2 protein chains.
Amino acid sequence: MERPRIRDYFQQDLSQNETITPKQRAILQASLDLFAEKGFDQTSTSDIAQRAGVAEGTVYRRYKTKAALRDAILAPITAHIVPILASDFSEDELRQRYPSLQAFVTAIFTDRVAFAKANVKELKVIFEMAAFDTERREQILSQIAPKMVKPMGSVINQLKADHLIVDWPNDLILQSLLSQLFGYLAQLMLELPGTEIEREQAYLITVMTKILTPGEHDQITGQ
Amino acid sequence: MERPRIRDYFQQDLSQNETITPKQRAILQASLDLFAEKGFDQTSTSDIAQRAGVAEGTVYRRYKTKAALRDAILAPITAHIVPILASDFSEDELRQRYPSLQAFVTAIFTDRVAFAKANVKELKVIFEMAAFDTERREQILSQIAPKMVKPMGSVINQLKADHLIVDWPNDLILQSLLSQLFGYLAQLMLELPGTEIEREQAYLITVMTKILTPGEHDQITGQ
DNA sequence: ATTAAGTGAGTGAGTATACACTCACTTTGA
DNA sequence: TCAAAGTGAGTGTATACTCACTCACTTAAT
């Protein structure tokens, strides 16, 4: 039930490239902070320079455009997001059955929630981008979807065979997982007052298990 | 179980003010469409004029600034959102007990989901604004919260007394309702592919009922 | 009835400003 | 001493907003 395998690159975040000057680090950090605070369009390059304690020209030394700067910020996360999402559903992991629904749900959420929590700002920037850039959104989804849908489908089918999970169509089950995750992300990103994120995190697994446990309330009644 | 009371002002939307010229209507409509498509900052006033088939000066005849134009678009929805959220929890409705958890959940979601569905574009604009304007976000929430929290608390306490609902703290129950709604809204607004919204709506009630039904999985396990 | 005066929505060229981006020059450090 | 990093004044452009003007239409006066 415990999965302490929180990936090391959570801390790494923006660094990874060894040959980076302190000023360039400051620029990346300032950009990330400002984009998350005010939004991409509402952040000017002079804002960034000022926050980073740097001349505006320095911003453009490494990154040709403002958009390129944003991409540079998101590069590490997009590089790691696919492995994170696909983790636990690799072929060899699949061979060992998930013994219980709880184990399955815990496996799904623990790492991913920790990842989200460690990258709230980045996620906010990604969401702002994806919200209005349809093409980009579809591109991101098309990368992620196949990594998740097929392997998780296998696990779900196993659980179904053992009557450990509710007998809904697989896509509905996936949708409910996604929906649940969205609700959590919204709370993280919007910093809704009165929300205790720690408790919310534990609650997520409890709730998701409850949703997927087979029972009598399972027929989906039309409106 | 049926609540056909979908409010009439769903259709009314932008009209309501009788003395409005066709061109001004066109401007409001074009603004709403463009803000929802491309985002507020990415929409120029000349874009709006062009889409509305109007000179740029005409946009500024009635609305002093671009932000005022956005506010004018959101005025009808913000005027109606509080009554919608508070509906079914007025004093006199409260006197008649909710006979079952299912009735409670259905009551909560039906109207609100219909409202959301009828105002996706407006909601998208509101969310864009709220995402980065902390002050505005808190202002909106401070208007909504008291209308929901207290009256729903009463209903929840009634249900608890009858052992019809899970024995969690009230704010956690509210949080789970909110979270569920967010997940749904995200799917609406992002137009995630492969999502059948109709089914999703029925599913929302089923799932929420299942979450709140008392059972053995209810202890919230910490990590 | 006809014309003059008035009204205000609509127009689009024009303005001021903010901002992304450049480049000739300076500083740093190996 | 040289190459790379950093600088900040400067430039072009996009765009929010203005304003003097048009014109269809209403009202008033003769």
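Heavy-atom basis, side chains included; hydrogens, waters and symmetry copies ignored. Proteins get letters first, then strands, A, B, ... in listed order; numbering begins at 1 in each. Everything quoted here is computed from the prediction, not taken from an experiment.
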Visitor: Is the backbone N or O of B:Ser44 less than 3.5 Å from a side-chain atom of B:Asp47, with the two atoms forming a donor-acceptor pair by type?
Guide: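 Looks like yes, one N/O pair under 3.5 Å.
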Visitor: Round to a whole Å and report the spacing from NZ of A:Lys66 to C1' of C:dA18.
Guide: 11 Å
Visitor: To the side chain of A:Thr58, which of D:dA16, D:dT7, C:dG10 is closest?
Guide: D:dT7
Visitor: Given D:dA16, C:dC21, D:dG6, identify the nucleotide with an atom nearest to the side chain of A:Thr65.
Guide: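 Side chain of A:Thr65 sits closest to C:dC21.
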Visitor: Both conditions, 6.0 Å and 45 degrees, for the charged tip of A:Arg70 above the ring of A:Phe40: are they met here?
Guide: yes
Visitor: Could you state the CZ-P distance from B:Arg62 to C:dG8, rounded to the nearest angstrom?
Guide: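 Distance check: B:Arg62 CZ to C:dG8 P gives 12 Å.
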Visitor: Roughly how many Å is it from CD1 in A:Ile27 to P in C:dC21, rounded to a whole number?
Guide: 14 Å
Visitor: Who are the salt bridge (charged side-chain N to carboxylate O under 4.0 Å, His left out) partners of A:Lys121, not counting sequence neighbours?
Guide: A:Asp33
Visitor: Between D:dG6, D:dA5, C:dG10, which one does the side chain of A:Gln24 approach most closely?
Guide: D:dG6
Visitor: Consider side chain to side chain donor-acceptor pair (under 3.5 Å). Of A:Arg51, A:Lys124, A:Gln42, which one does A:Glu37 pass it with?
Guide: A:Arg51
Visitor: Would A:Lys64 and A:Asp71 pass as an ion pair if we require N to O under 4.0 Å?
Guide: no
Visitor: For DNA chain D, which residues of residues 40-56 of chain A approach it to below 4.0 angstrom with any heavy atom?
Guide: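 Within residues 40-56 of chain A, the residues near DNA chain D are A:Val54, A:Ala55.
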Visitor: Do you know the tightest heavy-atom contact between B:Thr45 and B:Glu56?
Guide: OG1-OE2, 2.8 Å
Visitor: How close or far is atom C1' of C:dA9 from atom OH of B:Tyr63, stated in whole angstroms?
Guide: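 So the two atoms are 13 Å apart, to the nearest Å.
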Visitor: Which nucleotide in the set D:dT7, C:dA20, C:dT11 lies at the smallest distance from any side-chain heavy atom of A:Arg61?
Guide: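 Of the candidates, D:dT7 comes closest.
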Visitor: Which of the following nucleotides, C:dA9, C:dA20, D:dC17, is nearest to the side chain of A:Tyr60?
Guide: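 Nearest nucleotide to the side chain: C:dA20.
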Visitor: At under 4.0 Å, does any side-chain N or O of B:Lys23 touch on OP1 or OP2 of C:dT11?
Guide: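 Yes, because at least one side-chain N or O of B:Lys23 sits under 4.0 Å from OP1 or OP2 of C:dT11.
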